[in-house]
Amino acid sequence: MTNEELWQIVLNEVELAVSRANFITWFKNTSINRTAPGVATICVPNGFTKEWLENKYHKLIMRAIRTNCPEIRSVDYVISTLPQPFIVEKQKEPESVFPEEQLEFQEFSIDTETNLNPRYVFDTFIVGSFNELAYAAAQSVVKNIASLYNPLFIYGGVGLGKTHLLQAIGNAIKQSNTNLQVHYATSERFTNDLIAAIQSHEPQRFKDRYRRFDVLIIDDIQFIAGKTRTQEEFFHTFNTLYENNKQVIFSSDRPPKSIPDLEERLRSRFEAGLIADISQPDYETRLAILQTKLASKKHEFPVEILEYIASVVEKNIRELEGALNIVSARAHILHKMPDMEEVKTLIAQIISKPKWIITASKIIKEVCLFYDINERHLFERSRRREIVKPRQIAMYLLREDFRGSFPYIGQKFGGRDHTTAIHAYEKIAKNIKVDKKLMDEILLLRDRIYEN
Amino acid sequence: MKFIVLKENLCEGVLLAEKSTGKKTTLPILSSILCSAQNGKILLVGTNLETAVEVWVGGKIEREGSIAIPARVLSSYISLVGGDQITLSSRGENLEVSSDKGKTIIRGCSTNDFPLVPRQEEISRFTLPAGSLRDALRRVVFAVSVSDIRPELASIFFSITPTTTIIAATDSFRLAEQKIQGTFGEKGWSQVFLLPAKSANDLARLLEREEENVLVSLGKGQIVFSTKRFRLTSRLTEGSFPDYKQIVPAVFCTEFNLPKDVIMDTLRVTGLFVSKLHDVIFHVQPSQKRVEVRSANADVGENIASLPATIQGSELQISFNYRYIMDGLGQVEGDVVFGFTSASGPLMIRTRDDTSYFYVVMPMKV
């Protein structure tokens with residue numbers, strides 16, 4: 001007889017002996033457990049019930065148990081700490097609180113044990129060509145923990161959903177198997193924990209803490225660059241986890257090979273599993289993201305405004321959301337939808353437009369620095385490969401970011417014909433769509449150019 | 001059972017015990033007060049199976065015994081009836097109340113079915129100053145969550161170290177914290193627990209006129225607060241309180257201070273014109289040395305009030321729930337400091353020169 005069956009029989013007998021009100025009050029949310037031979041433990045929800053059953057119904061319960069299960073000699077009562085789902089009565093939210101308008105302390109929704117925010121799930125993650133590899137990798141890690149892609153390394157620019165994806169992996173793993181110890185930390189948190197452990201002379205506790213996880217997720221790993229002690233500690237933690245067949249997941253804003261000041265042994269370990277990138281979303285995906293966000297807010301927007309937002313905010317999903325929020329806040333204050341002109345001025349406040357502060361010489365200087373060539377060579381009529389590529393990239397950037405005319409660009413590079421400039425621009429524009437490495441180089445270059 | 005008490009004393013005891021009786025429960029006896037005279041003590045007990053309040057009433061016992069009486073009838077009767085000394089005696093399941101003004105019979109019931117107050121298996125024991133505890137509870141309890149979906153947020157957080165007791169509450173939109181300094185335990189000792197908001201309210205009420213120490217006995221899942229007059233037994237909330245230290249702002253982008261009366265009077269006027277969302281807009285203008293407070297309701301009207309103030313930091317426009325601001329202002333005194341962190345970040349309200357209390361509230365999106 002299972003515990004549930006036994007308890008059900010006991011309850012049926014007790015129900016006949018006591019009044020309905022007493023039965024409901026004192027036997028609600030109780031259960032039985034057989035821990036040791038001959039001993040039954042009755043789990044009760046609170047101290048009052050424990051006191052009452054012990055003092056008033058003990059004989060009744062004992063008799064009922066013994067008739068059905070004679071080998072039980074003693075019964076004790078414990079206050080059970082198990083959550084009781086059905087005693088949680090759903091209450092009406094107070095009318096004064098408008099969750100949509102009133103901001104919350106974000107940090108509070110974070111699970112204190114796993115450090116994961118339950119808001120981030122796969123369901124709300126929008127997949128497009130720009131992130132499908134990373135998404136697929138994430139999905140397979142959830143299904144094959146520590147066996148398929150270990151470590152998983154996801155990289156991509158700011159505000160493109162790395163953290164969302166990482167936390168979604170954690171939440172999905174936790175959901176499918178609650179026994180697994182999942183932990184999410186930013187590399188800053190990791191470093192701070194380490195420093196705190198060293199200061200309090202308890203480095204061992206730090207080691208034990210991080211090495212017991214089944215799934216360790218470290219966000220923004222690039223920040224450990226240059227921190228020798230953190231890298232060392234991290235290296236050992238990583239090795240321990242990896243050897244014990246635990247899943248490790250990282251994110252970074254750039255691929256391992258482009259993280260400066262990273263120890264070689266760490267770099268090689270990062271590259272050992274799967275490296276997946278998240279690039280920039282295309283226009284259609286941006287529009288889809290906006291529509292999903294709107295649906296969750298239960299607002300309605302004219303299509304042309306959405307299309308406009310999707311077309312101007314190109315590089316950052318977070319900015320995309322910000323733009324949407326600004327427009328919806330505006331609509332809320334005015335009690336009507338702002339027209340296209342208003343939307344344009346609103347959006348102009350938030351999109352970063354560094355393009356007109358850069359100069360042609362800045363682009364050329366950075367390109368030369370990046371590829372480590374002399375500026376002079378760029379303008380020569382040399383056809384050496386190591387010169388041709390930087391030259392073409394410089395031309396591409398001058399056209400794309402500086403908006404220089406083709407004749408101007410041609411002129412700039414030692415009086416070349418404007419068709420040369422057109423050819424260079426088109427070639428690079430075509431190649432970045434197929435050549436991952438080239439794309440990364442250009443992204444990094446842009447970072448440098450726009451840095452100040 | 002038979003005893004003689006001063007009406008005042010009994011009335012006070014009954015009102016305290018009544019608050020903890022169960023309402024709308026499946027077990028009718030929970031809406032009764034147990035009245036017993038035993039071992040030289042007159043005891044009133046009220047419970048709702050989450051908390052139990054036992055109140056001792058001074059008086060002269062003539063015959064020992066006990067009876068359970070419906071709380072509402074007893075409390076209404078006792079607060080209305082005249083007389084100085086009254087005699088209570090049980091006749092079977094009836095209670096007879098007699099004084100020089102007359103005689104009353106109230107139908108009671110047998111005490112056999114009245115729940116037993118759970119014994120305490122003590123883990124730790126310490127004392128807290130009653131007055132400070134009461135004030136601290138009052139200053140934070142309004143910030144608890146009204147919904148039971150997250151029980152830890154519908155509770156008051158206690159963190160007690162040898163020299164400091166921290167009492168805090170949050171509903172994730174705002175947070176209030178009060179510190180009490182004193183000597184509470186040995187070096188290295190500390191306790192953390194969550195007291196349900198309802199029990200905290202009961203406790204604050206019970207401490208109304210206490211100024212001495214409260215003895216606290218902490219057990220597994222249960223806590224007992226006791227003084228000479230009463231004993232409150234409550235369950236503790238399981239789970240852990242969010243680590244709120246990280247949200248308490250330390251750096252402010254804009255700060256100003258104003259006398260509490262000035263800002264409260266202004267806000268009360270602004271409050272008449274808030275919209276259904278209860279939003280008031282603060283426009284802090286350092287260049288003009290003033291703070292503008294605005295509200296507008298399409299059906300009622302609009303109000304703009306301008307307060308001269310010395311402001312540090314940059315210009316800022318931000319909106320808050322009017323009630324949340326007033327809740328926090330009600331707890332501070334004298335010169336009140338407003339510290340803003342950003343247009344979408346928390347606002348901290350506290351009394352200048354008083355670091356023991358603060359209130360943090362999140363703005364609204366509009």
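Lettering of chains follows the sequences in order, A, B, ..., and the numbering in each one begins at 1. Quantities reported herein were computed from a predicted structural model and do not represent experimental measurements.
For the set Ala52(B), Pro363(B), Pro346(B), the entry with the most heavy-atom pairs within less than 4.5 Å of chain A is Pro363(B). Most heavy-atom pairs under 4.5 Å with chain A: of the set Arg235(B), Gln120(B), Gln246(B), this distinction falls to Gln246(B). Most heavy-atom pairs under 4.5 Å with chain A: of the set Gly239(B), Pro115(B), Gly219(B), Ala296(B), this distinction falls to Pro115(B). Note on Asp171(B), Leu153(B), Val117(B): by heavy-atom pairs under 4.5 Å with chain A, the leading option is Val117(B).
For Ile29(B), no part lies under 4.5 angstrom from a heavy atom of chain A. For Asn22(A), the parts lying near chain B are the backbone and the side chain together; criterion is any non-hydrogen pair under 4.5 Å. Looking at Pro151(B), neither its backbone nor its side chain comes within 4.5 Å of chain A, counting heavy atoms on both sides. Heavy atoms closer than 4.5 Å to chain A are found nowhere in Ser145(B), neither backbone nor side chain. Heavy atoms of Glu121(B) lying under 4.5 Å from chain A belong exclusively to its side chain. There is no contact between Ser275(B) and chain A, counting heavy-atom distances below 4.5 Å. At a 4.5 Å heavy-atom cutoff, Phe320(B) makes no contact with chain A through either its backbone or its side chain. Contacts of Ser172(B) with chain A are made by both backbone and side-chain atoms, with heavy-atom separations under 4.5 Å.
With sequence neighbours excluded, the residues forming a salt bridge (Lys or Arg N to Asp or Glu O under 4.0 Å) with Glu15(A) are Arg20(A), listed by chain and number. Glu292(B) meets the salt bridge (Lys or Arg N to Asp or Glu O under 4.0 Å) test with Arg290(B), Arg294(B); sequence neighbours excluded.
Taking CD of Glu238(B) as the reference point, atom CD1 of Ile79(A) lies at 9.5 Å (rounded to 0.5 Å). Here CD of Gln222(B) is found 9.0 Å from NZ of Lys50(A). Values are rounded to the nearest 0.5 Å. The CG atom of Leu103(A) lies 11.5 Å from the CG atom of Asn321(B); values are rounded to the nearest 0.5 Å. Separation of atoms CD (Gln102(A)) and CE (Met362(B)) is listed at 8.0 Å; rounding is to 0.5 Å.
Of all heavy-atom pairs spanning Gly47(A) and Pro118(B), the tightest one is C-CG, 3.4 Å. Trp52(A) and Phe114(B) make their closest contact through CZ3-O, 2.9 Å (heavy atoms, listed as atom of the first residue, atom of the second, distance). Here the closest heavy-atom approach between residue Leu49(B) and residue Asn46(A) is recorded as O-ND2, 3.7 Å. Contact between Lys56(A) and Asn112(B) at its shortest, heavy atoms only, is NZ-O, 3.1 Å.
Contact check for Asn48(B) versus Phe48(A): no side-chain heavy atoms found under the 4.5 Å cut-off.
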